[in-house]
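Shown next, in structure tokens, is the structure this report addresses.
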Amino acid sequence: MKKNKILSISECTNFKKKVSLYGIHLTLFLMPKNILIIGACGQIGTELTLALRKKYGSEHVIASDIREGNDDLMQSGPFEILDATNYDTLEEVIAYYDICEVYLMAAMLSATAEKFPMRAWNLNMNTLFNVLNLAKEKKINKIFWPSSIAVFGPNTPKEDTPQNTIMEPSTVYGISKQSGERWCEYYFNKFNVDVRSIRYPGLISWKTMPGGGTTDYAIEIYHKALSDGSYTCFLGEETKLPMMFMDDAIRATLQIMEAPEKDIKVRSSYNLAGMSFTPKEMAENIKAVMPSFKIEYAPDFRQDIADSWPSSIDDTPAKDDWGWKSEFNLEKTTEEMLGNLG
Ligand code: AKB
């Protein structure tokens, strides 16, 4: 940690809050809140950090990861190299920057986790326990922790998968996410830890590449369409999965974190839906814009993972509790992806 990164109170801008007390209107000037993003250089972390910096001011949003990120991220505000599996180092960073809120985005995703089960379990669980325990000890006030559609398994109803249903995940990643959900709910119930979570579907984005997921084909396909005019998909043509464009995912994340505490009624993790489609439907969508695009299918070990997951998600509780509404369908996603990558 470099000395010049310290935030002194006089440097910080106050946040205003208007309140009414017995009909008298008051403007409160609140102390600024500093935010730490763990895993800030990954696919979600990068865009989330930039969005939080835009909203709260760059100096209040500290990015951290085990490696440096892209120029946009590194040049837009403070950054720390941080291994969040180490409790002491994490605690030190939190004290140093006077952190209130933590977004824990570091995780090993489904395909890589099948290759390195113990490393995945240790990373996914130890980082979560570290932030939950820091909140239990009142060293931070609020946590965002992402879960995934991977919490569901082969015995789960495939279409319109409800919030509460049979889960029984069959992947290492899914098992870690389901355990994480149980621990989040436990820390809320026992220690009143304000932890909020979303079960992300596959996320499609153009700013940062994903790494090690089963839904990554839905990003690779656009890159290959533009570079080679063709793509060999590692999932079969009829494999329908829940997906979401990154802008929707970031909006949902900010929205659940800003919602009043009383509105967050699910303390494990909320189902969240955007769109659902097969690789074949995605290819047809790309062909509508690039008629010469060609796709082939060569399913590999990721097919089994995808087959164990739902095809579509029912996100009624997220809509009812904190007003979630998705904005991107497949056509709009293709337009954004080809427009920005082209
Ligand atoms: C993955 O494919 O592992 C992730 C996920 C669905 O959580 N994108």
Side-chain angles (χ1 to χ4, degrees), residues 39 41-48 103-117 119-121 123-125 127-128 144-154 156 158 161 167 169-181 184 197-223 233-236 239-250 252-253 268-279 282 299-313 315 318 326 328 333 337:
C41 301
Q43 189 202 2
I44 316 175
T46 302
E47 297 209 28
L48 183 61
Y103 290 71
L104 172 53
M105 311 312 288
M108 195 183 284
L109 299 188
S110 56
T112 315
E114 289 305 299
K115 293 182 182 156
F116 307 105
R119 265 170 57 192
W121 179 258
L123 171 66
N124 296 0
M125 299 313 293
T127 50
L128 177 59
F144 177 80
W145 175 77
S147 187
S148 160
I149 52 160
V151 292
F152 298 114
T156 302
K158 271 228 171 287
T161 302
M167 298 176 93
S170 58
T171 63
V172 173
Y173 174 63
I175 294 168
S176 75
K177 287 296 179 189
Q178 200 199 24
S179 310
E181 287 193 6
C184 287
S197 178
I198 284 170
R199 289 173 183 153
Y200 288 130
L203 298 181
I204 306 173
S205 66
W206 55 270
K207 285 191 185 149
T208 315
M209 284 302 275
T214 303
T215 56
D216 295 5
Y217 91 83
I219 298 172
E220 285 175 16
I221 194 170
Y222 291 109
H223 286 266
C233 185
F234 58 76
L235 296 183
T239 313
K240 185 170 147 200
L241 288 172
M243 300 276 185
M244 180 173 281
F245 189 60
M246 185 61 86
D247 291 22
D248 266 352
I250 299 296
T253 309
S268 50
S269 189
Y270 276 95
N271 272 9
L272 195 73
M275 53 194 141
S276 280
F277 54 80
T278 64
M282 190 168 217
D300 66 14
F301 74 100
R302 288 167 280 193
Q303 185 66 50
D304 281 350
I305 302 177
D307 287 343
S308 76
W309 290 350
S311 298
S312 61
I313 298 287
D315 59 357
S326 76
F328 283 79
T333 300
M337 291 298 285

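Position 1 is the first residue of the sequence; numbering continues from there. Quick note: numbers below take in every heavy atom, side chains included, and nothing from hydrogens, waters or symmetry partners. One-based numbering, in listed order, for ligands and for the atoms of each.
More than 12 non-hydrogen atoms from other residues, nucleotides or ligands lie less than 6.0 angstrom from NZ of Lys158.
Between Tyr217 and Phe277, the two ring planes are perpendicular [angle over 60°; tilted spans 30° to 60°].
The single protein non-hydrogen atom nearest to atom 6 (C) of ligand 1 is Ser148 OG, 3.6 Å, given as residue, atom name and distance. For atom 2 (O) of ligand 1, the closest non-hydrogen atom of the protein is Thr214 N, 2.7 Å. Protein heavy atom closest to atom 8 (N) of ligand 1, with residue, atom name and distance, is Thr215 OG1, 2.9 Å.
In summary, the atoms of ligand 1 found under 4.0 Å from a heavy atom of Ser110, numbered by their order in the structure, are 1 (C), 2 (O), 3 (O). Residue Gly213 approaches ligand 1 through these ligand atoms, each under 4.0 Å from one of its heavy atoms: 1 (C), 2 (O), 3 (O). Listed by atom number, the atoms of ligand 1 under 4.0 Å from Trp309 heavy atoms are 1 (C), 2 (O), 3 (O), 6 (C).
No hydrogens or angles considered: a donor-acceptor pair under 3.5 Å links the side chains of Gln43 and Ser205. Of the N and O atoms on the side chains of Ser110 and Thr214, at least one donor lies less than 3.5 Å from an acceptor on the other residue.
Residue contacts with ligand 1: Tyr200 is placed with no nitrogen or oxygen under 3.5 Å of a nitrogen or oxygen of the ligand (distance criterion only). Remark: ligand 1 and Asp216 share no N or O pair separated by less than 3.5 Å (distance only, no angle test).
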